[in-house]
Amino acid sequence: MSLEVPFIDLAWENRALLPEIREAFERVFASNAFVLGPEVEALEAELAKRLNAPSVLGCSSGTDAELIALMALGIGPGDEVITTPFTFVSTATCIVRVGASPVFVDIEPNGFHIDASKITQVIGPRTRAIIAVHLYGQPADIDALLEISQRFQIHLLEDAAQSILANTHRGMTGTIGTAGWISFYPTKNLGAFGDAGLVITRDPDLAKTMKMIRNHGAIERYEHLHVGGNFRMDALQAAVLRVKLRKLEEWTAKRRKLASLYDTFFAELGIDPERFRPPPRLRETHVYHQYVVRSTERDALRLFLAERGIATDIHYPKPLHLQPCFARLGHKPLDFPEAERASREVLALPIHPSLSEAQIERVVSAIADFYRG
Ligand SMILES: *Cc1c(COP(=O)(O)O)cnc(C)c1O
């Protein structure tokens, strides 16, 4: 008998909400306002309140939200932006797309975030910003990063694509630095029915520029103050996001509950930490977009679990400094050994809120079998 454990179940997210989503879609059809408009404005107002951020703008994706932030700050040729090589590719490709250069700094040993203690050694006269990534839904070391950005008068930007509702004593991730962004890609904690994102800032002047850049740099119709883009959110995406947003708190609590179950079970198993390590316990702040363990036999473990109907994933199998698209930066293996080690060891276990406690137990007992065998 095999109890399948899927990695994610998007149908489950939508099932109970479909009548409300249909109703919201009917509202958009009737309005014939399909791009930006009242539905997007209503979502922005609800998210601004929920995130306690004065300015949030709905846009076409998390990637485009980052582009808006970099363009609005005037970051471009000759500028350097510091970030982590252990993240989704768009964190760094956006830097290149505005003409600036990414400068990678390795991640913490045993952690997944940029190592703040290594940042100051790469800051120079061209450095304009640090992009922190709240990877897996866990806040990066925000105090250390803020301190450095203030001391060197550079911007702290936050890639909060995976960390909606992850709170810190300085506020929600994405709302702390000069600017931040969230992704509503369908598999994220709050997912649209397609691509969508949010760009966030506390600076009212920057918000005005961002708003223009989102819409072809227009200050009014056919008057273009900046070179912008088409980075607008569709009303249908806003409509579905407004319905799902009402569930986000509950879904996040469920993710934390499942994470806590994993933590407890793994602590009881007591597998040799040289071979297998669960993530650090950070339930108050972590929103568990992913629950990521480290294993020195990661690929064998993944196959073993797959054979037992348990789906897992790897975020990310190749660090950015070794990606062909960044070859011109001239990096080589061992430049960022912690990021490279993480790429070999990380395994994301199922943590979707649709899962039952029995399914989590099933994952843990299969992992126990692997290490016993
Ligand atoms: C998903 C993601 C993005 C990109 O968001 P899109 O909405 O897919 O463009 C950026 N950074 C990180 C860390 C992500 O996980």
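Atoms within each ligand, like the ligands themselves, are counted from 1 in listed order.
At least one donor-acceptor pair under 3.5 Å links the side chain of D203 to the backbone N or O of L206.
Annotation: cation-pi geometry satisfied between R308 and F304 (NZ/CZ under 6.0 angstrom from ring centroid, within 45° of ring axis).
What sits closest to atom 9 (O) of ligand 1 on the protein, heavy atoms only, is T63 OG1, 2.5 Å. Counting only heavy atoms of the protein, atom 2 (C) of ligand 1 lies nearest to K188 NZ, 2.7 Å. Nearest protein heavy-atom neighbour of atom 12 (C) of ligand 1: A161 CB, 3.4 Å.
With a 4.5 Å cut-off on side-chain heavy atoms, I68 and W181 do not count as touching. In this structure the side chain of V103 never reaches within 4.5 angstrom of the side chain of T127, judged on heavy atoms. Under the 4.5 Å side-chain criterion, counting only non-hydrogen atoms from C-beta, Y262 is in contact with V363.
Close contacts between ligand 1 and T87 involve ligand atoms 13 (C) [criterion: under 4.0 Å to a heavy atom].
Remark: ligand 1 and D64 share no N or O pair separated by less than 3.5 Å (distance only, no angle test). Looking at Y185 next to ligand 1, no N or O pair under 3.5 Å apart turns up. An N or O contact shorter than 3.5 Å links Q162 to ligand 1 by distance.
Comparing A192, A65, S183 against atom 6 (P) of ligand 1, the shortest heavy-atom distance belongs to S183. Nearest to atom 3 (C) of ligand 1 by heavy-atom distance, out of G62, G197, S90, is S90.
With a 4.0 Å cut-off on non-hydrogen atoms, T91 touches ligand 1 through its side chain and not its backbone. If you look at E66 next to ligand 1, there are no close heavy atoms at all, none under 4.0 Å. Only the side chain of D159 comes within 4.0 Å of ligand 1, judged by heavy-atom distances. Using a 4.0 Å cut-off between heavy atoms, S61 contacts ligand 1 through both its backbone and its side chain.
The side-chain contact (heavy atoms from CB on, under 4.5 Å) check on A144 picks up A116, D141, with sequence neighbours excluded. For H352, the ring pair (Phe, Tyr, Trp, His ring centres under 6.0 Å) partners two or more places apart in sequence, or in a different chain, are W12.
Heavy atoms only, all atoms of each residue included: E46 and L245 are closest at CB-CD2, 4.0 Å.
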Y136 vs H289, ring pair (Phe, Tyr, Trp, His ring centres under 6.0 Å): CA-CA, chis, key distance, verdict: CA-CA 5 Å; Y136 307 146; H289 175 58; 8.4 Å; no
